[in-house]
Every structure is written in C-alpha cells, then in structure tokens.
Protein chains: 2
Amino acid sequence: MTAMQQAYDVYEDRCPTRLVLDRLADKWALLILDRLKGGPMRFNHIRRDIKGISQKVLAQTLRKLERNGLLSRTIFPTVPVTVEYALTPLGRTLTDTVSALTHWAEKNMDAIFAAQRAYDEAYPG
Amino acid sequence: MTAMQQAYDVYEDRCPTRLVLDRLADKWALLILDRLKGGPMRFNHIRRDIKGISQKVLAQTLRKLERNGLLSRTIFPTVPVTVEYALTPLGRTLTDTVSALTHWAEKNMDAIFAAQRAYDEAYPG
DNA sequence: TTAGATAGTTTCCAATAGATACCAAGGAGA
DNA sequence: TCTCCTTGGTATCTATTGGAAACTATCTAA
C-alpha cells in the first residue's frame with residue numbers, strides 16, 4: 001500500500017498492469033461484474049439476464065474472472081447440479097469503477113451517437 | 001441530464017449503452033485515452049509511447065475513438081505532414097473513470113497474480 | 001544516393017467470437 | 001416407458017478480429 005507503487009509503467013511492453021488490463025477490458029467481463037453486484041447468481045440465470053451472450057463466451061469469461069480472483073464458483077450437489085457465481089472481496093473492490101464506466105456510457109450515449117452521425121456524414125464510405 | 005436516465009437496461013440486447021461499452025472496453029483504447037490526458041500527441045509519438053501496439057491497430061483505434069467523439073484529429077500541412085490527436089471535451093469527461101481502472105489494475109496486480117497461481121495449481125491443465 | 005522522418009495501408013496468418021449442436025444426469029408428465 | 005424439460009457446460013464450425021511485417025508517398029538531410 002505504501003512503496004513501490006510506481007515501479008511499473010503502464011505504457012511499457014510486458015508491464016504487469018497491461019496483463020491485468022488485458023483481462024479486464026472486455027465488454028462481457030464488465031457486464032458480468034456489474035451484474036453480480038446484487039448477489040450470487042447461477043450460470044443460466046446470468047445467461048438469461050445478459051441477453052446476447054453465448055454459452056461458450058459466458059463459460060470462458062466466468063472462468064477467466066474466477067482465475068483472476070474476481071469471482072468465486074461454488075458447486076452445490078443438487079439435482080440438477082447448481083453452480084453459483086459470486087464476487088470475491090477483490091471483485092467487490094472493482095465494481096464501483098466498473099459501474100462508473102457503464103454509467104458514463106449511459107449518460108453520454110446521445111453525445112456519442114451524435115458524434116458518430118457527424119463523422120459518418122463527413123467521411124462517407 | 002434530468003429525466004429518462006433509466007430508459008435503457010444495460011443487460012438488454014441491442015441496448016445503446018452496450019454499443020458504447022463495446023467500443024470502450026478495449027485495452028488499447030483505454031491506454032490511448034489515458035495517454036492523451038497530458039495533452040495532444042502525434043501518431044508516431046503515441047506509437048512509441050504505448051509499446052507493443054501495431055501501426056494498424058493504432059490507426060484503427062484512433063479512428064474509432066475519433067468517430068465516437070472522444071478525440072479530435074488535426075492535420076497540419078507541414079512537411080512531413082503532422083497529425084495531432086487530442087481529447088475532446090467529451091473525451092476528457094471519461095479520463096477520470098479510465099484512470100480509475102488502470103490504477104485499480106496497478107494496485108491489485110499482486111492479488112490478481114496470486115489468484116492466478118492458486119487457480120493454476122488447483123486446476124493444472 | 002541513401003537513409004530517415006512523417007502517417008498511415010496492405011497483406012498474411014493466427015487467435016478469438018459467436019452460433020449451433022451436443023452431452024450427461026435426473027425429474028415431471030403422458 | 002418415452003419424451004421433454006432442467007442443470008452447466010463442451011465440441012465444432014465459421015466469421016471476424018488481432019498482430020507482425022512489408023509497402024506506400026512525400027519531403028529533408030547527409
């Protein structure tokens with residue numbers, strides 16, 4: 001928490017922070033993290049909630065987030081089996097930032113779409 | 001700024017916010033936005049600074065960010081030609097959030113790498 | 001004349017994303 | 001018993017994207 005905080009340069013190749021950013025900067029991961037803020041959820045529940053995500057990508061993204069310590073995976077031997085995903089304490093430290101991003105997007109959507117229209121008119125094709 | 005802020009559901013398919021998030025949740029875009037906080041920069045300057053980015057991906061990402069109104073592209077008829085990229089006011093409203101993300105990554109790097117090691121030991125192969 | 005800078009584009013191959021089908025284990029309904 | 005439904009995934013296939021390297025054009029300096 002004290003020293004060595006500036007030992008890395010984000011713009012350096014092979015910077016460890018880059019590796020972290022690489023795994024975070026992903027639309028689905030952000031949506032999943034934001035979704036789990038409300039409490040643990042099961043695989044198919046997440047899949048139905050986040051419309052448009054495929055099973056493969058959901059499974060991959062969940063495993064990636066689990067591997068990075070942001071969420072936990074708990075199996076309950078019910079029938080059919082229940083698998084619950086929940087934010088870890090580490091994951092919870094991230095959700096405020098993630099929410100800030102999604103809320104920025106929501107708030108500035110109109111400005112962005114206006115910019116896109118202006119750009120596409122200025123450079124057609 | 002007042003009403004209709006909750007008219008969209010981020011988890012809905014075809015939600016406009018999703019389209020925005022899609023363009024933002026990208027490692028290179030985040031690094032570029034963070035880099036431009038310090039003032040305007042030219043193409044090759046950015047390329048040298050953000051080590052490891054290819055010319056193609058840099059050009060693509062810059063054009064994407066320009067199209068979304070987050071940065072401006074100014075051509076100076078010098079020789080050789082100078083092209084300057086700068087944050088727009090809209091882009092500047094985003095950089096605080098982006099910085100929060102990169103700083104979170106920097107701060108929690110060690111915890112993440114520890115989690116990765118633990119995971120890889122628990123599930124080898 | 002050759003090398004360097006400017007800001008890209010083009011080409012090619014590998015990696016990823018997404019859609020779809022499939023799997024096993026069991027419960028409920030007919 | 002047969003079939004469909006659920007659970008949480010994996011397997012397969014194709015389309016899109018990512019990255020490395022080479023190429024473009026114009027001009028300057030050595």
Side-chain angles (χ1 to χ4, degrees), chain A residues 11-15 18-19 21-32 35-36 40-68 71-86 119 122-123 125, chain B residues 11-15 18-19 21-32 35-36 40-68 71-86 119 122-123 125:
Chain A
Y11 306 108
E12 271 300 324
D13 208 2
R14 308 185 176 289
C15 161
R18 277 266 197 99
L19 299 174
L21 210 58
D22 226 358
R23 300 173 188 285
L24 244 69
D26 159 27
K27 177 181 64 168
W28 298 123
L30 294 181
L31 285 171
I32 291 170
R35 199 76 197 95
L36 287 177
M41 287 175 77
R42 291 178 306 175
F43 187 90
N44 278 324
H45 190 181
I46 300 174
R47 183 159 82 93
R48 279 189 295 265
D49 254 37
I50 301 183
K51 298 189 180 73
I53 194 169
S54 72
Q55 288 182 310
K56 191 186 82 172
V57 173
L58 177 56
Q60 281 175 351
T61 309
L62 286 172
R63 228 171 299 119
K64 186 175 73 174
L65 291 173
E66 186 198 357
R67 178 166 182 265
N68 287 280
L71 53 81
S72 64
R73 181 174 182 273
T74 313
I75 304 173
F76 297 98
T78 57
V79 69
V81 66
T82 299
V83 180
E84 206 175 75
Y85 293 93
Y119 184 96
Y123 308 94
Chain B
Y11 306 107
E12 270 302 323
D13 206 1
R14 308 181 175 290
C15 162
R18 278 266 196 98
L19 299 173
L21 210 57
D22 226 357
R23 299 170 190 289
L24 246 66
D26 159 27
K27 177 181 63 168
W28 298 124
L30 293 181
L31 286 171
I32 290 170
R35 199 76 196 95
L36 286 177
M41 288 177 76
R42 291 178 308 175
F43 187 89
N44 279 324
H45 189 180
I46 301 174
R47 182 159 83 93
R48 279 187 297 263
D49 256 36
I50 301 183
K51 298 190 179 72
I53 194 169
S54 71
Q55 289 181 310
K56 190 185 81 171
V57 172
L58 177 56
Q60 281 175 349
T61 308
L62 286 171
R63 228 171 297 119
K64 187 174 73 173
L65 291 173
E66 186 198 357
R67 178 167 182 263
N68 286 280
L71 54 82
S72 64
R73 181 175 181 273
T74 314
I75 304 171
F76 297 97
T78 56
V79 70
V81 66
T82 298
V83 179
E84 205 175 76
Y85 293 93
Y119 184 95
Y123 309 93

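By convention in this document, chain letters (A, B, ...) are assigned in the order of the sequence lines, proteins followed by strands, and residues within each chain are numbered from 1. None of the values given here were measured: they were computed from a predicted structure.
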Determine whether [X] and [Y] make a side-chain contact, defined as any pair of heavy atoms from C-beta on separated by less than 4.5 Å.
X: A/Arg73; Y: A/Leu62; answer: no
X: A/Trp28; Y: A/Lys64; answer: no
X: B/Leu24; Y: B/Asn68; answer: no

**Report entry** Counterpart residues, side chain to side chain donor-acceptor pair (under 3.5 Å), relative to A/Arg63 (two or more places apart)
**Finding:**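 Side chain to side chain donor-acceptor pair (under 3.5 Å) check on A/Arg63 returns nothing, list empty.
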Query raised in the report: Mind checking what makes side chain to side chain donor-acceptor pair (under 3.5 Å) contact with B/Ser72, not counting sequence neighbours?
Result: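 B/Ser72 satisfies side chain to side chain donor-acceptor pair (under 3.5 Å) with no residue once adjacent residues are dropped.
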Pull out every protein N or O sitting under 3.5 Å from an N or O of nucleotides 25-30 of chain C, one pair per line with the distance.
none

**Report entry** Given DNA chain C, 5'-ward residue of the pair A/Ile53 and B/Phe43, judged by closest heavy atom
**Finding:**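 Closer to the 5' end of DNA chain C: B/Phe43.
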Query raised in the report: Reckon A/Arg47 touches a base, only the sugar-phosphate, or nothing at all at heavy-atom distances under 4.0 Å?
Result: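 The answer is nothing, as A/Arg47 stays clear of every strand by at least 4.0 Å.
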Requested in this report: With heavy atoms under 4.0 Å as the rule, sort A/Phe76 into base, sugar-phosphate or nothing.
Outcome: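 The residue A/Phe76 makes no contact with any strand.
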Requested in this report: Report the residues that fulfil side-chain contact (heavy atoms from CB on, under 4.5 Å) with A/Pro80, sequence neighbours left out, ordered by chain and then residue number.
Outcome: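 Per chain and number, A/Pro80 pairs via side-chain contact (heavy atoms from CB on, under 4.5 Å) with no residue.
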Value rounded to 0.5 Å, distance of [atom1] in [X] from [atom2] in [Y]:
X: A/Leu21; Y: B/Lys27; atom1: CG; atom2: NZ; result: 8.0 Å
X: A/Arg47; Y: A/Ile32; atom1: CZ; atom2: CD1; result: 12.5 Å
X: B/Thr82; Y: B/Arg42; atom1: OG1; atom2: CZ; result: 5.0 Å

Requested in this report: Check DNA chain D against residues 54-64 of chain B and give the residues with a non-hydrogen atom under 4.0 Å, in numerical order.
Outcome: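 The stretch gives B/Gln55, B/Lys56, B/Val57 as the residues lying under 4.0 Å from the strand, ordered by number.
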Requested in this report: With sequence neighbours excluded, tell me which residues meet salt bridge (charged side-chain N to carboxylate O under 4.0 Å, His left out) with A/Arg67.
Outcome: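 Per chain and number, A/Arg67 pairs via salt bridge (charged side-chain N to carboxylate O under 4.0 Å, His left out) with B/Asp120.
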Rounded to the nearest angstrom, tell me the gap between atom [atom1] in [X] and atom [atom2] in [N].
X: A/Ile75; N: C/dA24; atom1: CD1; atom2: C1'; answer: 15 Å
X: B/Ile46; N: C/dA7; atom1: CD1; atom2: C1'; answer: 11 Å
X: B/Asp49; N: C/dA7; atom1: CG; atom2: P; answer: 13 Å
X: B/Arg48; N: C/dG8; atom1: CZ; atom2: P; answer: 14 Å

With a cut-off of 3.5 Å and sequence neighbours excluded, list every side-chain donor-acceptor pair involving residues 52-60 of chain B.
| residue | atom | partner | partner atom | Å |
| --- | --- | --- | --- | --- |
| B/Ser54 | OG | B/Val57 | N | 3.2 |

Report task. On DNA chain D, reading 5' to 3', which nucleotide is the first and which the last to sit with an atom under 4.0 Å from a heavy atom of chain B, could you check? Result ->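 The contact span of chain B on DNA chain D goes from D/dG18 to D/dC27.
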